Amino acid sequence: QVQLVESGGGLVQAGGSLRLSCAASGSSFSISAMGWYRQAPGKQREMVAVITSGGSTNYAISVKGRFTISRDNAKNTVYLQMNSLKPEDTAVYYCNALYSHYARTGEYLHWGQGTQVTVSS
């Protein structure tokens, strides 16, 4: 029902910046929140940042002050501006969306395919 298309990943040197984008598309849905998660090899997936439709945000302690999540509700797009990148930020970054369907009760969580972010030292 909801499709998420991520972009912006790549290779960057430590101290550099990247901006990730995730656009949600589909029909008959309303998004409550969108977020970014990441997973490094051999590690569990962890929350990086989330933002609600009202603009409330939460960040992982490890990225607080360096990353900024934002959202364009009209375009159903979420962004993650990543500054002062560190090698430990290297991971596959996944976008997700918490949404409801106009014709069904409850909320659903959908994940994107992920985009690789590699930070070299």
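Predicted, not measured: the structure shown is a model, and the values here were computed from it. Positions are given from 1 along the sequence.
Remark: Tyr94 pairs with no residue by the ring pair (Phe, Tyr, Trp, His ring centres under 6.0 Å) rule, at least two apart or across chains. By the side chain to side chain donor-acceptor pair (under 3.5 Å) test, Arg66 is found to be paired with Asp89, residues two or more places apart in sequence or in another chain being considered.
Follow the hydrophobic side-chain contacts under 4.5 Å out from Leu85 and you never reach Tyr37; the two are in separate clusters.
Of the inter-residue distances, the one linking Ile69 atom CD1 with Met82 atom CE reads 11.5 Å to the nearest 0.5 angstrom.
Counting only residues at least two apart or on different chains, no ring pair (Phe, Tyr, Trp, His ring centres under 6.0 Å) pair has a member in residues 42-61. The salt bridge (charged side-chain N to carboxylate O under 4.0 Å, His left out) pairs that include a residue from residues 48-62 number zero, where partners must be two or more places apart or lie in different chains. Residue pairs meeting the side chain to side chain donor-acceptor pair (under 3.5 Å) criterion with at least one member in residues 110-121, sequence neighbours excluded: Gln116-Thr118. Pairs passing the disulfide bond (SG atoms under 2.5 Å apart) check and including a residue from residues 39-72, sequence neighbours excluded, do not occur. Note on residues 67-78: pairs passing side chain to side chain donor-acceptor pair (under 3.5 Å), not counting sequence neighbours, are Arg71-Asn73. Pairs passing the ring pair (Phe, Tyr, Trp, His ring centres under 6.0 Å) check and including a residue from residues 72-93, sequence neighbours excluded, do not occur.
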Donor-acceptor pairs under 3.5 angstrom involving side-chain atoms of residues 44-51: please list them, not counting sequence neighbours.
| from | atom 1 | to | atom 2 | distance (Å) |
| --- | --- | --- | --- | --- |
| Glu46 | OE2 | Arg38 | NE | 2.8 |
| Glu46 | OE2 | Arg38 | NH2 | 3.3 |

Extract all donor-acceptor atom pairs below 3.5 Å that involve side chains of residues 11-36 and protein atoms in other chains or at least two apart in sequence.
| from | atom 1 | to | atom 2 | distance (Å) |
| --- | --- | --- | --- | --- |
| Ser17 | OG | Asn83 | OD1 | 2.9 |
| Ser32 | OG | Glu107 | OE2 | 2.8 |

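Considering all non-hydrogen atoms of both residues, Asn96 and Leu4 come closest at CA-CD1, 3.7 Å. Annotation for Gly114 and Val92: closest pair CA-CG1, 3.9 Å, computed over non-hydrogen atoms.
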